[in-house]
Amino acid sequence: MDAQHLDLLYLIVAAAVATYVTRFGGYVLITQLKNIPPRVESALNAVPAAVLTTLVAPAFVYGGMDVAAMLVAFVVGLRFSTLRMLLVGWIAVMAIRHLIM
């Protein structure tokens, strides 16, 4: 194996170890608490939105016609439930990709 592939392997292993340690550490920390402080609970409640943002932001910035589907989902999300917003957004993406691309 040449040096470049070995560096990549080290990077992947380091990222895997860092991911495992942070997840395991968070689990241990939460299980040791008798009651979760309000700030920690607020932070944990914000995680799903943060993860969704990391998935949507690159597509919004670099994504051509998928931006239209995101805007449709946003408008629907202002009026209807999250499940309906996701369903309409998914349908919009599939329709745009099928009809235009």
Side-chain angles (χ1 to χ4, degrees):
M1 211 186 281
D2 63 348
Q4 184 178 7
H5 287 98
L6 198 55
D7 287 346
L8 182 60
L9 180 63
Y10 288 148
L11 179 64
I12 291 171
V13 170
V17 168
T19 300
Y20 179 75
V21 167
T22 55
R23 288 182 182 200
F24 185 71
Y27 172 76
V28 169
L29 178 67
I30 292 296
T31 57
Q32 297 302 316
L33 296 174
K34 295 196 185 327
N35 55 359
I36 299 173
R39 294 183 109 183
V40 173
E41 188 173 354
S42 295
L44 291 173
N45 288 335
V47 168
V51 170
L52 186 60
T53 301
T54 62
L55 295 174
V56 170
F60 187 77
V61 171
Y62 300 111
M65 292 306 295
D66 287 344
V67 173
M70 286 183 221
L71 294 175
V72 168
F74 176 74
V75 170
V76 170
L78 293 174
R79 177 87 170 115
F80 297 103
S81 68
T82 304
L83 184 59
R84 286 185 184 174
M85 176 198 60
L86 292 173
L87 182 62
V88 169
W90 177 77
I91 291 170
V93 167
M94 292 301 116
I96 289 170
R97 288 184 179 178
H98 179 72
L99 296 173
I100 295 175
M101 296 178 175

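As the structure is a prediction and not an experimental result, all values here were calculated from the model.
Shortest non-hydrogen contact noted between Val93 and Ala69 is CG2-CB, 3.4 Å. Contact detail for Ala73 and Gly89: the closest heavy-atom pair is CB-CA, 3.8 Å.
To the nearest 0.5 Å, atoms CG (Leu87) and CH2 (Trp90) are separated by 7.5 Å. Summarising the geometry, atom CZ belonging to Arg84 is positioned 12.5 Å from atom CG belonging to Leu86; distances are rounded to the nearest 0.5 Å. To the nearest 0.5 Å, atom CD of residue Glu41 and atom CG of residue Asn35 are 10.0 Å apart.
No single ILVMFWY cluster, assembled from side-chain heavy atoms under 4.5 Å apart, contains both Val88 and Ile91. Tracing side-chain contacts under 4.5 Å through hydrophobic residues (I, L, V, M, F, W, Y), one never reaches Phe74 starting from Val72; they form parts of separate clusters. Hydrophobic clustering of Ile, Leu, Val, Met, Phe, Trp and Tyr side chains at less than 4.5 Å, counting indirect connections, keeps Met85 apart from Val75.
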Could you list the donor-acceptor pairs under 3.5 angstrom formed between side-chain atoms of residues 13-34 and any protein atom two or more places apart in sequence or on another chain?
residue : atom : partner : partner atom : Å
Thr19   : OG1  : Ala15   : O            : 2.8
Thr22   : OG1  : Ala18   : O            : 3.0
Thr22   : OG1  : Thr19   : O            : 3.0
Thr31   : OG1  : Tyr27   : O            : 3.1
Thr31   : OG1  : Val28   : O            : 2.9

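In the hydrophobic clustering, where aliphatic and aromatic side chains (Ile, Leu, Val, Met, Phe, Trp, Tyr) are joined below 4.5 Å either directly or transitively, Leu83 stands alone.
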